[in-house]
Amino acid sequence: MKKITKAIFPVAGFGTRFLPATKAQPKEMLPIVDKPVIQYLVEEAVKAGIEEITFVTGRGKRAIEDHFDYSFELEKTLVEKNKLDLLKKVKAIDALAKFSYVRQPIPKGDGHAVNCAAHLFNDDESVLIMFGDTLYDAEISPVTQVMDVYEKYGATVIGLAEVEHSLVSQFGVIGGEDLGNGVYKITKFIEKPALVDAPSNLVQVGINIITPDVFKTLSGMESGKSGEIRLADAFDQMLENGLPLYGKKLEGEWLDTGNKFNFIKATLKFGLKDPEIKDDLKKLINELGD
């Protein structure tokens, strides 16, 4: 089995929950302390062995390309001002991985976005898919966790988290056989089910390993149940065709930065780990709690 070294990051969404902040900048570039969300995710992927990353972008996403590109003017200025610590941080960004960019011309769903990059991969190649708001606070990289399951079973793996039952209708929900150690053999996948139809409270979080079977399934789809081409539809179709699908309940705390509350929560959590501001932040939190 080939080691997974490539990833696709679908980042073409509009980020409407954060308007007007996202009117002129991608939601993935909103900062958590001093780094944009997308950089945390790239660093997680690289830490797990990813060497090449393809961003599937849309209109208004140029800032992501610029962020992971070499910036001569900025680096020259930092050298002239002797800000060498900052220079080191900036130089490390474009060296994280090999980056490429593909446009999703029309917003036709996350599965369509993934398939826009399919031509960049070999027919026998499995790939990491990581969505731009799936931040984790975890000792073991969530990417490593799904990779470990893939290496054992050689099939598509969906990263999972438990949510309150009242929230399952907001997510893709799985049902299946518990194999132990947080691993599930998935037998059912339902996108945004009614509460009474949800097979569990285990939902996909946006960190997946997909096999070539997923690309083949997506390429044959003209539309899904919602009218868009979604990964959820591909997973459902694969199960109907008897193809294996596994899930891994990820260890650590899922900080879904796609909504405002969790974005602020993530900022506080990562701020409390930052040596420069953690003491002042603790003091402020204590003062606000009085």
Side-chain angles (χ1 to χ4, degrees), residues 5-15 17-104 117 120 128 130-137 141 143 255 257-258 260 262-285:
T5 59
K6 298 179 183 179
I8 299 173
F9 281 56
V11 292
F14 290 117
R17 291 180 182 177
F18 288 92
L19 285 170
T22 50
K23 181 175 181 290
Q25 69 171 327
K27 67 174 182 178
E28 296 85 4
M29 287 299 296
L30 296 175
I32 301 289
V33 189
D34 58 358
K35 287 192 289 190
V37 172
I38 195 67
Q39 184 177 332
Y40 285 99
L41 305 186
V42 167
E43 288 172 350
E44 285 290 346
V46 170
K47 189 165 58 175
I50 294 299
E51 298 171 359
E52 300 179 34
I53 294 173
T54 299
F55 292 103
V56 181
T57 68
R59 289 184 61 83
K61 299 287 183 170
R62 181 60 186 270
I64 295 175
E65 296 183 37
D66 289 342
H67 183 71
F68 290 102
D69 195 8
Y70 170 62
S71 177
F72 171 77
E73 296 86 354
L74 175 59
E75 292 187 16
K76 182 174 181 291
T77 299
L78 293 174
V79 169
E80 290 172 350
K81 295 186 176 181
N82 200 33
K83 296 184 176 182
L84 301 184
D85 287 344
L86 290 176
L87 176 66
K88 184 178 179 181
K89 288 182 179 181
V90 169
K91 287 176 72 69
I93 296 171
D94 62 286
L96 282 167
K98 294 179 181 177
F99 298 104
S100 59
Y101 302 87
V102 174
R103 275 289 186 114
Q104 182 186 24
L120 298 176
L128 168 70
M130 202 167 184
F131 287 87
D133 49 16
T134 308
L135 186 62
Y136 255 81
D137 185 12
S141 166
V143 179
L255 301 168
T257 57
K260 287 183 278 190
N262 279 337
F263 186 89
I264 294 170
K265 180 180 178 181
T267 301
L268 291 172
K269 280 186 166 288
F270 281 79
L272 289 170
K273 294 181 179 184
D274 186 288
E276 184 179 341
I277 67 169
K278 64 179 183 180
D279 292 336
D280 289 337
L281 186 55
K282 284 179 184 176
K283 182 180 177 182
L284 174 62
I285 291 171

Do you know which two heavy atoms are closest between A266 and T257, and how far apart they sit?
-> CB-CG2, 4.1 Å
To the nearest 0.5 Å, tell me how far M130 CE sits from F55 CZ.
-> 10.5 Å
Is it the case that more than 12 heavy atoms not belonging to E80 sit under 6.0 Å from its CD atom?
-> yes
Would you indicate whether the side-chain heavy atoms of L30 and T22 approach each other to under 4.5 Å?
-> yes
Taking every heavy atom of K61 against every heavy atom of T57, the minimum-distance pair comes out as CB-CB, 3.8 Å
With K273 as the cation and F270 as the aromatic partner, state whether NZ or CZ is under 6.0 Å from the six-membered ring centre and within 45° of the axis.
-> yes
T54: partners by side-chain hydrogen bond (donor to acceptor under 3.5 Å, both in side chains), with sequence neighbours left out = S100
Does any non-hydrogen side-chain atom of D69 lie less than 4.5 Å from one of D94?
-> no
Straight-line distance of Y70 OH to E75 CD, nearest 0.5 Å | 5.0 Å
Hey, could you give me the NZ/CD1 distance between K98 and I50, rounded to the nearest 0.5 Å?
-> 13.5 Å
Quick one: pull up CG in D279 and NZ in K283 and give me the separation to the nearest 0.5 Å.
-> 10.5 Å
Please examine the side chains of V37 and D133, heavy atoms only from C-beta on, and report whether any two atoms are closer than 4.5 Å.
-> no
N/O donor to acceptor pairs below 3.5 angstrom from side-chain atoms of residues 38-49, sequence neighbours left out:
residue : atom : partner : partner atom : Å
Q39     : OE1  : H67     : NE2          : 2.9
Q39     : NE2  : E43     : OE2          : 3.0
Y40     : OH   : I32     : O            : 2.8
E43     : OE1  : K35     : NZ           : 2.7
E43     : OE2  : K35     : NZ           : 3.4
E44     : OE1  : S141    : OG           : 3.1

Measure the spacing between NZ of K6 and CD of E52 and express it to the nearest 0.5 Å.
-> 5.0 Å
Who are the side-chain contact (heavy atoms from CB on, under 4.5 Å) partners of V79, not counting sequence neighbours?
-> L87
Side-chain heavy atoms of R17 within contact of K27, under 4.5 Å = no
Minimum heavy-atom distance between G132 and E28, given as atom pair plus value = O-CG, 3.8 Å
Taking every heavy atom of I8 against every heavy atom of A117, the minimum-distance pair comes out as CD1-CB, 3.9 Å
P10 versus F131, closest heavy-atom pair with distance | CG-CE2, 3.6 Å
How about K265 and N262: do any of their side-chain heavy atoms sit closer than 4.5 Å?
-> yes
F9 side, atom CZ; T134 side, atom OG1 - distance, nearest 0.5 Å = 9.5 Å
